[in-house]
Amino acid sequence: MKTFEELGIAAPILQAIREMGYEVPMPVQEEVIPLLLGNDNDVIALAQTGTGKTAAYGLPVLQKINRSQTYPQALILCPTRELCLQIAGDLTDYSKYMDDLKVLPVYGGSSIESQIRTLRKGVHVVVATPGRLLDLMNRKTVDLSAIKSVILDEADEMLNMGFSDSINAILAEVPPSRNMLLFSATMPREIARITKQYMRDPKEIVIGNKNEGNENIRHIYYMVHARDKYLALKRLVDYYPNVYGIIFCRTRKETQEIADKLIQDGYNADSLHGELSQAQRDYVMQKFRIRNLQLLVATDVAARGLDVDDLTHIFHYGLPDEIESYTHRSGRTARAGKTGISIAICHIKEKGKLRNIAKIIGKTFEQGVLPTGKAICEKQLFNLVDQIEKVKVNEEEIASLMPSVFRKLEWLEKEDIIKRLISLEFNRMIDYYRDADEIEIVNETASGRENRKERSDRSDRPPRGGNRAEEGYTRFILNFGKMDGLYPGQLMELINRCVPGKVQIGRIDLCDTHSFFEVEKNAARRVMDLMNKYEVDGRAISVEPAEETGRREKGFKSREAGNSGKPWRKASSARSDRSDRPARKKRKASA
């Protein structure tokens, strides 16, 4: 293995990185640095987040800057404000002993006038998000005509965020003679198009395999019912007392709901999603970086570009639609050679998606068994004992107080003091799990039916087919179907959102314009009454008992033309055949 000096890094940069603790190059640095120090070398580097890529391109880019010329000579594009600031901060640290070298982060959410003033004074390296840089270009306040190096960092993320047109417009303004480096964790088709259009005979460097996840990440999944996902998450968080991680959710609404529940249950958690202002985002991220928060609940879009070290866990509160998103999510742990755990909490309908992800990233997913309440309490207890053992005692500060403390507690034996100390910190956890029901496991059968435990009273039920409800269940008809983009998992999620508590869901049949579902008889009236109080994006939910015959189409042919193919969350407004019903206040429900 070569040293940074053998790779050709100059003395001022060597001095700075040694002070930062850099000893030997990481694999991506050893591969990329010599190429970028040369001329006319375009490079495609496929590497995961946390592999040392900022130094891989940052060190040679800084070394090639002509500091006597105060105009932009290097351009680094990245997807988010957070990553932009992190890269600019790292470059500033690397160039600590390079006098007068100026690095400017350019991003939205801060004063554009301030950025324009700094550009006019002269800068050498511009680190930018595509949108803000394009604004500056349109205002004729940034000159890219002398750019010698262009780096696209997390290129696949930028394309996922819709920056393709902006990137094309920016690259059209830089000289064709520049060097270009493209860093990406995955290699989607759009990346291949950019490399073909803008790069000259690029050298490809792959750290690991294409689209492969970090080998230091352990991938675990837990198969539970939709209504038990939060309880499963809570158990897993409790089982890892020193957890420091991100919980990824699919929607802003779900993100806020999960964060609110965690906060109410006493966890150090907060949310990060697109409805927050920039000031709110900064405040949440600052708390998370300094570990005032243990858990950050975030959407994929909001969490893109986050650079946080030492994350122990990534939780997928449901799998993402794009396989690349799973790779990016998981890659935020196990950085810089460390290990991490990626946990997917999903239901049976996501089994196929889980299989596809495992195949693409080349990893095996372990099926986890949710810890019991007893196991969680034991883990928490021994964690508390470890903290007591390792606590630093300030003898001088407490010396004057100890005689009074000793007198107060002298009637207690050592064992009594230990028991009381443990109980003081631990009673809440013991009380919760003493009364908590165990989460029943989903049976992963070939039929795909979501059953918790194999119950004898279901074994004699008639086979699927026909309109007759299974024994012990009531059958309902719902005014949403396949044309609304409704799937079984979303229907179960809708029922769970509208109806608090546990409801056993039986057979589900989807039709184009409506759906049938079954619930246990003792909950049937409650399910119907509660669901009829909700609406989805302005369209009232209608749940009615389905007769054994003749109800499959009745009352559901008045759907407005053109509704076919609409996403579930964009269902049309309330149907006209409900207009003669008494007005009532509806609550919104999201599937």
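As a basis for the values below, the full set of heavy atoms in this structure was taken, side chains included, without hydrogen atoms, waters or symmetry mates.
In this structure, Gln294 contributes its side chain and Val243 its backbone to a donor-acceptor pair below 3.5 Å. Side-chain N or O atoms of Glu520 include one that pairs as donor or acceptor with a backbone N or O of Gln504 at under 3.5 Å. For His347 (side chain) and Lys349 (main-chain N/O), a donor-acceptor pair under 3.5 Å exists by modelled atom type. Judged by distance alone, the side chain of Asn532 and the main-chain N or O of Met528 form a donor-acceptor pair under 3.5 Å. Gln286 places no side-chain N or O within 3.5 Å of a backbone atom of Tyr283 that could act as its donor or acceptor partner. Of the possible donor and acceptor atoms, one in the side chain of Glu350 sits under 3.5 Å from a partner among the backbone N and O of Leu319.
At a threshold of 4.0 Å, the pair Asp509-Arg475 counts as salt-bridged, since one of the basic side-chain nitrogens sits closer than that to a carboxylate oxygen. Salt bridge annotation for Lys353-Asp321: present, with a cationic side-chain nitrogen under 4.0 angstrom from a carboxylate oxygen. Using a 4.0 Å cut-off between charged side-chain N and carboxylate O, Glu257 and Lys253 make a salt bridge. Note on Arg281 versus Glu275: no salt bridge recorded, every NZ/NE/NH1/NH2 to OD/OE distance being 4.0 Å or above. We find that Lys261 and Asp265 are not joined by a salt bridge, their nearest charged nitrogen and carboxylate oxygen being 4.0 Å or further apart.
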Please report the C-alpha distance between Lys229 and Asn496 in whole Å, then the side-chain angles of each, then the deciding distance to 0.1 Å, and finally whether the side-chain contact (heavy atoms from CB on, under 4.5 Å) criterion is met. CA-CA 11 Å; Lys229 286 169 67 175; Asn496 292 328; over 6 Å; no

Carefully, step by step, assess Tyr473 and Ile505 under the rule side-chain contact (heavy atoms from CB on, under 4.5 Å). CA-CA 9 Å; Tyr473 281 68; Ile505 302 172; over 6 Å; no

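Asn268 and Asn292 are not linked by any side-chain donor-acceptor pair at a separation below 3.5 angstrom, with hydrogens and angles left out of the test. No hydrogens or angles considered: a donor-acceptor pair under 3.5 Å links the side chains of Ser184 and Asp156. Thr364 and His219 share no donor-acceptor pair across their side chains, judged by distance under 3.5 Å alone. Defined by atom type and a distance below 3.5 Å, a donor-acceptor pair is present between the side-chain atoms of Asp238 and Tyr433.
The residue from Thr255, Leu262, Ile343 that alone fulfils the side chain to side chain contact (heavy atoms under 4.5 Å, CB included) condition with Ile247 is Leu262.
Taking the ring centroids of Tyr230 and Tyr317, they lie at or beyond the 6.0 Å cut-off. Close placement of the His313 and Tyr240 rings is indicated, their centers lying within 6.0 Å of each other. A ring-centre distance under 6.0 Å is found for Phe365 and Tyr326.
Note that CG of Leu272 and CZ of Phe248 are 9.5 Å apart. Values are rounded to the nearest 0.5 Å. Here the OG-CG distance, from Ser515 to Leu510, works out to 4.5 Å after rounding to the nearest 0.5 Å.
By the neighbour-count criterion of 12 heavy atoms within 6.0 Å, atom NZ of Lys287 is densely surrounded, having more than that number from other residues, nucleotides or ligands.
Residues meeting the side chain to side chain donor-acceptor pair (under 3.5 Å) test with Asp260, sequence neighbours left out: Gln256. Every residue two or more places apart in sequence or in another chain that forms a ring-ring contact (aromatic ring centres under 6.0 Å, His included) with Phe476 is listed here: Phe517. Residues that satisfy the side-chain contact (heavy atoms from CB on, under 4.5 Å) test with Thr129, not counting sequence neighbours, are Cys84, Tyr107, Arg132.
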